[in-house]
Undergrad: 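Take this structure, written in structure tokens, and hold onto it; I'll ask about it next.
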Amino acid sequence: MRRKSGDWAVLARIDHPDIDAANAQILADLEGGATGIHLVFENSVAAHSVGISWPTSAICRTLLAKVQFQTGVRISLDLSAESRGAALELAQHIADEGVAPNLVNVDFGLDPLSLIARNGGGENWNETSTGFAALAARLAGFKFGGTVVSADGSVVQAAGATEAQELAFVLSCGVAYLRALEASGIGLAQARNMMGFRLAADADVFLGIAKFRALRLLWARIESACGLEAQPIDILATSGWAMMSRSDPWVNVLRAGTAAFASGIGGADAISLLPFTQANGLPDAAARR
């Protein structure tokens, strides 16, 4: 069961390093039928060699110019350690636009443990968890719809993890984030509502469907163990990097379509697909479409 009833959100991946070009892509994709955007920053888990550059002066004001936030367009962020400031800048930009917070749907995607896994270290979680919780609390204070924290399994899936291992990673990250938020003084029920999840989907339809459905059941068990009544969780599906072919990119069209089908049937709330030429660098307009 999805967190919100209705169709899943179709997210357009935005990773162009030129901010004006990225804004043009956003407006064209939303006009072309996308119901949300997936902003991928340089050096983030989902970057795969290209991403939005940070820092840039007033980046969010330029990047999101003319976007109608009040229409409920979903904005999902993939941040690097260096670009975490973009989350606060984006939140403040939307607030300055005067849009009612309940009309805005932002998935901030704070996920330091996935970045630590991707980079093979570089940060000590025991030392950074306090700062993580403080930033999450500030973002939650804007009271937008959507989630603030994300447990993302795509980083281990890209490294060859099985479906069970990806689920184990996501669940362990989720529990660690709950503990960090609770330790900072945030109530457990509120911390749970701040949580979102991300899974990679590949061309194995039946395992993909099972994985997405299993995550909901497993997290419900964790909620029950915390003394909470289980509630639907928000899941963003991304097409798995491990299945993308560089030498024969055309087959990636079929693989991505299969991954999208499995994600939708499995109950994903939003789906963001890699353009079929992503393994060969920055995709052109045809590949993105």
Side-chain angles (χ1 to χ4, degrees), residues 1-3 7-13 15 34-36 38 40 44-49 74 76 78 107 109 111 113-115 117-118 150-174 195-222 232-281 283 287-289:
M1 178 176 165
R2 295 187 175 88
R3 191 167 192 172
D7 298 334
W8 57 79
V10 178
L11 305 189
R13 177 186 170 93
D15 57 4
T35 54
H38 182 193
V40 179
S44 65
V45 167
H48 307 312
S49 79
R74 174 167 174 149
S76 291
D78 237 294
D107 164 24
D111 188 14
L113 288 174
S114 288
L115 287 170
R118 174 186 182 272
S150 180
D152 187 350
S154 65
V155 64
V156 294
Q157 194 269 356
T162 66
E163 286 75 15
Q165 290 169 334
E166 184 182 0
L167 288 172
F169 179 80
V170 167
L171 293 169
S172 61
C173 288
M195 285 288 308
F197 300 86
R198 299 180 182 184
L199 291 176
D202 60 21
D204 193 319
V205 174
F206 297 111
L207 270 178
I209 293 171
K211 180 172 67 174
F212 280 84
R213 294 184 177 180
L215 176 58
R216 295 191 182 278
L217 295 173
L218 292 168
W219 188 253
R221 293 289 297 274
I222 290 176
I233 58 175
D234 181 88
I235 304 177
L236 166 61
T238 58
S239 48
W241 179 243
M243 72 175 179
M244 300 297 287
S245 171
R246 178 180 292 125
S247 59
D248 184 16
W250 294 100
V251 74
N252 294 332
V253 176
L254 299 176
R255 289 171 175 166
T258 303
F261 174 78
S263 304
I265 298 300
D269 295 86
I271 300 174
S272 172
L273 299 179
L274 290 164
F276 73 94
T277 62
Q278 190 77 37
N280 292 305
R288 295 185 69 258
R289 181 61 181 167

Undergrad: Using every non-hydrogen atom in the two residues, find where Gly174 and Ala151 come nearest and quote the distance to one decimal.
TA: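 For Gly174 and Ala151, the tightest heavy-atom pair comes out as N-CB, 4.0 Å.
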
Undergrad: Could you report the tightest heavy-atom contact between Gly109 and Ser150, atom names first, then the distance?
TA: CA-CB, 3.6 Å

Undergrad: So does Ala201 get a backbone contact from the side chain of Lys211, meaning a donor-acceptor N/O pair under 3.5 Å?
TA: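 Answer holds: no.
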
Undergrad: Test side-chain contact (heavy atoms from CB on, under 4.5 Å) on Ser76 and Leu11 and set out the steps.
TA: CA-CA 8 Å; Ser76 291; Leu11 305 189; 3.7 Å; yes

Undergrad: Suppose we screen for side chain to side chain contact (heavy atoms under 4.5 Å, CB included). Which residues come up paired with Ser49, at least two apart in sequence or across chains?
TA: none

Undergrad: If you measure from the Lys or Arg side-chain nitrogens to the Asp or Glu carboxylate oxygens, is any gap between Arg74 and Asp7 under 4.0 Å?
TA: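 No, no charged N to carboxylate O under 4.0 Å.
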
Undergrad: Taking only residues two or more places apart in sequence, or in another chain, which ones meet Ser272 in a side chain to side chain donor-acceptor pair (under 3.5 Å)?
TA: His38

Undergrad: Can you list everything that forms a side chain to side chain donor-acceptor pair (under 3.5 Å) with Gln157? Sequence neighbours excluded, please.
TA: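 Per chain and number, Gln157 pairs via side chain to side chain donor-acceptor pair (under 3.5 Å) with no residue.
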
Undergrad: So, taking the atom named CD1 in Ile265 and the one named CD1 in Ile209, what distance separates them when rounded to the nearest 0.5 Å?
TA: 6.0 Å

Undergrad: Please enumerate all residues that pass salt bridge (charged side-chain N to carboxylate O under 4.0 Å, His left out) together with Arg288, with sequence neighbours excluded.
TA: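 Listed in chain order: Asp29.
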
Undergrad: Do Glu166 and Phe169 have side chains that get closer than 4.5 Å, going by heavy atoms?
TA: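 No - every pair of side-chain heavy atoms lies 4.5 Å or more apart.
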
Undergrad: Ignoring hydrogens and geometry, is there a side-chain-to-backbone donor-acceptor pair from Asn252 to Ser245 under 3.5 Å?
TA: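 Present.
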
Undergrad: Looking at every non-hydrogen atom in both residues, tell me the closest pair between Met243 and Ala203 and how far apart they are.
TA: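 The pair with the smallest heavy-atom distance is SD-N, 3.6 Å.
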
Undergrad: Charged N to carboxylate O under 4.0 angstrom, Arg198 versus Asp111?
TA: no

Undergrad: For Gly240 versus Ala200, what's the shortest heavy-atom pair and its separation?
TA: CA-CB, 4.0 Å

Undergrad: Are His48 and Val40 close enough that some pair of their side-chain heavy atoms sits under 4.5 Å apart?
TA: no

Undergrad: Report the residues that fulfil salt bridge (charged side-chain N to carboxylate O under 4.0 Å, His left out) with Arg13, sequence neighbours left out, ordered by chain and then residue number.
TA: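 Partners of Arg13 by the salt bridge (charged side-chain N to carboxylate O under 4.0 Å, His left out) criterion, ordered by chain and then number, come out as Asp15.
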
Undergrad: Any side-chain heavy atom of Leu274 within less than 4.5 Å of one from Thr238?
TA: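 The answer is no, as the side chains (C-beta and beyond) never meet within the 4.5 Å cut-off.
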
Undergrad: For Val155 versus Val45, what's the shortest heavy-atom pair and its separation?
TA: CB-CG1, 3.8 Å

Undergrad: Among residues at least two apart in sequence or on other chains, which ones pass salt bridge (charged side-chain N to carboxylate O under 4.0 Å, His left out) with Asp152?
TA: none

Undergrad: Only counting residues at least two apart or in another chain, list the ones meeting side chain to side chain contact (heavy atoms under 4.5 Å, CB included) with Ile222.
TA: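 Checked Ile222 against side chain to side chain contact (heavy atoms under 4.5 Å, CB included); matches are Leu171, Val175, Trp219, Cys226.
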
Undergrad: Just to verify, what does Arg246 make a side chain to side chain contact (heavy atoms under 4.5 Å, CB included) with, not counting sequence neighbours?
TA: Ala279, Asn280

Undergrad: What pairs with Ser239 under side chain to side chain donor-acceptor pair (under 3.5 Å), at least two apart in sequence or on another chain?
TA: none

Undergrad: To the nearest 0.5 angstrom, please state how far the CG atom of Leu199 sits from the CG atom of Leu215.
TA: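 That separation rounds to 5.0 Å.
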
Undergrad: Where do Ser44 and Arg118 come nearest, in terms of heavy atoms and distance?
TA: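 Distance-wise, the nearest heavy atoms are O-NE, 3.3 Å.
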
Undergrad: Can you sort out the partners of Asp202 under salt bridge (charged side-chain N to carboxylate O under 4.0 Å, His left out), two or more places apart, ordered by chain and number?
TA: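 Salt bridge (charged side-chain N to carboxylate O under 4.0 Å, His left out) list for Asp202, sorted by chain: empty.
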
Undergrad: Using the test side chain to side chain contact (heavy atoms under 4.5 Å, CB included), find all partners of Ala260 that sit at least two apart in sequence or belong to another chain.
TA: Ile271, Leu273

Undergrad: Between Arg216 and Ile233 (side chain of the first, backbone of the second, donor and acceptor by atom type, cut-off under 3.5 Å), is there such a pair?
TA: yes

Undergrad: Calculate, to the nearest 0.5 Å, the distance between atoms CD1 and OG belonging to Ile235 and Ser263 respectively.
TA: 9.5 Å

Undergrad: State the CG-CZ distance between Asp107 and Phe197, to the nearest 0.5 angstrom.
TA: 11.5 Å

Undergrad: Using the test ring-ring contact (aromatic ring centres under 6.0 Å, His included), find all partners of Phe212 that sit at least two apart in sequence or belong to another chain.
TA: none

